[in-house]
Amino acid sequence: MDWEYFFELLLGGLTRGSIYALIALGYTMVYGIIELINFAHGEIYMIGAFTALIAANVLTMLGMNELAVLVLASVVAILYSAAYGFTVEKIAYKPLRQAPRLSPLISAIGMSIFLQNYVLLAQTSDFLPFPSLIPELEFMEPIAHIISSAEVIIILTTAVVMILLTLLIKYTRIGKAMRATAQDRSMAMLVGVNVNRVISTTFVIGSALAAVGGVLIASHIGMINFYIGFIAGIKAFTAAVLGGIGSIPGAVLGGMVLGWTESFATGYVSSDYEDVFAFALLVIILIFRPAGILGRSTTQKV
Amino acid sequence: MLKLSNVESYYGNIRALKGIDIEISEGEIITLIGANGAGKTTTLMSICGVVPPRHGEILFMGRPIHEMSPDRIVALGISQVPEGRRIFPFLTVTENLDMGAFLRKDKDGIKKDIEYIYELFPILAERRNQAGGTLSGGEQQMLAISRALMARPKLLLMDEPSLGLAPLVIRRIFGIIEKINTENRTTIFLVEQNANLALKVAHRGYVMENGRVILSDAAQNLLSNEQVKKAYLGV
Ligand SMILES: Nc1ncnc2c1ncn2[C@@H]1O[C@H](COP(=O)(O)OP(=O)(O)OP(=O)(O)O)[C@@H](O)[C@H]1O
Ligand SMILES: [Mg+2]
């Protein structure tokens, strides 16, 4: 067995999986709180990538160095995406909170189509080159044929983000409010949680994570267009369902499982069927665990 | 302290409260009895703003609260032990208690109150790191009451705290209700199916039928009222 090739695929899968996980968290957190599949979430990721592209171009023109551009462009993208996520919820979902469950779902699909076309019109349908902002790390030289600097940074950034998110959910006031709201919304109201604020916060956090994913993957792959949100969105949604939608560790695990499946299957079998492997895996796991790998069945003792 | 005037509440097009008037003074234990579907739970949810009334007025300590959001109403000092306990199933016992004190800022006070509750209910102390959903029904009821107390409410709303509990536990819980009332001077609005028991601890009572208040009187008078006896006391 060619171990070097194996590790290359393993780390490649981890990189992909990290990005899927970052986006999947947005799906799963929103679903956990309001039981809505936010189809517009992929577009928020795409908008994050576009914002970073524009910001990076402007900052580079101003003569900043690579690292400063990366950091600043990411911050701008995060703020911008968060603002979009916040606004989408207020416009498209909040007015429908009492409506039948299908209504906000349709509204979400509408939002997704609207945002795609808005970026298409405001920008272009062509792929735009994205500057490779992630610096080459010198100490990585000896193992650069197995894992690139960009991949290392993607994996590390994702790990740090996940740890921060876990701490936020577990220990902060807003984190507790989010968990309580997810478990019983009207009871959360009865102990004084401002549920509207919790829902907004959830969208803001999910969107910010998607923006981080957007910046990382765009600077890794090197080009973006208005459609990347759709593909990444479907994959990340698959990851969220795989792991058990509503479960935060599930989204991370689902992302990794999906990343590895794609990486190994394309590496050892064939790269023509990349997407087939992802969805075949989804079908297989859902047959054996309908609630996803870490999903819990909805029945609970009241 | 609390005054409902001509309150009407709806679920979609269903008119669950058809214009009710209720008045509660500070320090009282008031009970609300009525058959299934009479609108008791809806009354409590309307007071808390979870089912905001479509008509009428609710005053709490002189302030109109019928258009306030639930979190602001809680902040004014009303908390609820809801029907079916509604423990957060995946939060630990301690986290559930913390949630009860969600709007309080006095960390030391919260800690002290949790200790007090663990003295009052040693079984909860034993289970403090266990998920709320894994407690037994009686333990959950104790936790639900404790969680409501953690807010240090001025007015405590309780929806059928005796539901599904063994007689011994029920007696214990009613003992605690009286204790809260006399020691903390917390006003209590108690919804009960168990009219006999409720009328024994309460000062006054209201009887509800089909979305309307049909009777209100001192608890003792209701206990001897023929209509109440027949319909709710099973005599
Ligand atoms: N979420 C809801 N949607 C629609 N109708 C509801 C809802 N909740 C209650 N109702 C209706 O409103 C009326 C009053 O219900 P409510 O729960 O207030 O009764 P209750 O007096 O608390 O009854 P119980 O003793 O069984 O708890 C009932 O006719 C009920 O069917
Ligand atoms: Mg009821």
Side-chain angles (χ1 to χ4, degrees), chain A residues 28-29 31-35 90 94 96-101 103 166-201 244-250 291-292 294-302, chain B residues 11-12 41 44-45 47-52 68-92 94-105 107 131-137 139-140 144 147-153 157 159 163-164:
Chain A
T28 223
M29 287 168 69
Y31 187 87
I33 301 254
I34 56 174
E35 296 193 354
K90 287 276 179 272
K94 191 169 177 227
L96 296 173
R97 211 161 290 157
Q98 313 298 333
R101 278 186 66 169
S103 311
T166 309
L167 293 177
L168 177 103
I169 303 252
K170 190 118 185 67
Y171 296 110
T172 65
R173 197 173 124 87
I174 184 73
K176 271 188 200 154
M178 286 169 77
R179 283 188 289 152
T181 305
Q183 290 170 32
D184 189 335
R185 197 197 303 178
S186 52
M187 191 60 230
M189 291 178 183
L190 286 175
V191 294
V193 173
N194 181 337
V195 169
N196 285 330
R197 191 176 305 158
V198 168
I199 294 173
S200 290
T201 309
I245 191 142
S247 157
I248 286 178
L294 297 183
R296 34 192 175 210
S297 66
T298 45
T299 50
Q300 62 194 35
K301 199 162 132 194
V302 182
Chain B
Y11 295 102
T41 299
L44 296 192
M45 289 301 178
I47 296 171
C48 288
V50 174
V51 183
M68 283 187 186
S69 60
D71 53 300
R72 291 187 53 210
I73 295 173
V74 175
L76 291 178
I78 301 183
S79 49
Q80 189 179 154
V81 182
E83 186 171 30
R85 308 180 276 266
R86 307 281 287 273
I87 295 305
F88 297 113
F90 304 112
L91 298 189
T92 65
T94 307
E95 284 174 331
N96 267 282
L97 292 175
D98 272 340
M99 281 313 293
F102 188 71
L103 293 176
R104 282 173 61 184
K105 300 272 184 297
K107 280 216 169 95
T134 64
L135 301 188
S136 79
E139 292 163 353
Q140 287 192 10
R147 179 180 58 189
L149 289 177
M150 285 303 296
R152 293 217 174 153
L157 312 177
D159 199 343
L163 191 74

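Letters go in sequence order (proteins before strands), and every chain restarts at 1. Quick note: numbers below take in every heavy atom, side chains included, and nothing from hydrogens, waters or symmetry partners.
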Fill in: Among A/M187, A/R185, A/R179, side chain to side chain contact (heavy atoms under 4.5 Å, CB included) partner for A/Q183
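Testing A/Q183 for a side chain to side chain contact (heavy atoms under 4.5 Å, CB included) against A/M187, A/R185, A/R179 leaves exactly one candidate, A/R179.
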Can you tell me which of [options] forms the most heavy-atom pairs within a distance under 4.5 Å of chain A?
options: B/D71, B/V50, B/I73; result: B/D71
options: B/M150, B/Q80, B/E95; result: B/E95
options: B/C48, B/G49, B/P82; result: B/P82

Worksheet item: Side chains of B/R86 and A/L190: closer than 4.5 Å at any heavy-atom pair?
Response: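 The answer is no, as the side chains (C-beta and beyond) never meet within the 4.5 Å cut-off.
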Worksheet item: Looking at A/K176 and B/D98, what are the two nearest heavy atoms and their distance?
Response: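 Looking at all heavy atoms of both residues, the shortest contact is NZ-OD2, 3.3 Å.
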Worksheet entry | For A/V198 against A/V193, the heavy-atom pair lying closest together |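 The pair with the smallest heavy-atom distance is CG2-CG1, 3.5 Å.
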Worksheet entry | Part of B/R72 within contact of chain A (heavy atom distance under 4.5 Å) |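 B/R72 has no heavy atom closer than 4.5 Å to chain A.
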Item to complete: Could you grab the distance from atom CG of B/N96 to atom CZ of B/F90, nearest 0.5 Å is fine?
Response: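 Rounded to the nearest 0.5 Å, the CG-CZ separation comes to 12.0 Å.
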Worksheet item: Given that the side chain runs from C-beta out, which part of A/A182 has a heavy atom under 4.5 Å from chain B: side chain, backbone, both or neither?
Response: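 For A/A182, there is no contact with chain B at all, as no heavy atom is under 4.5 Å.
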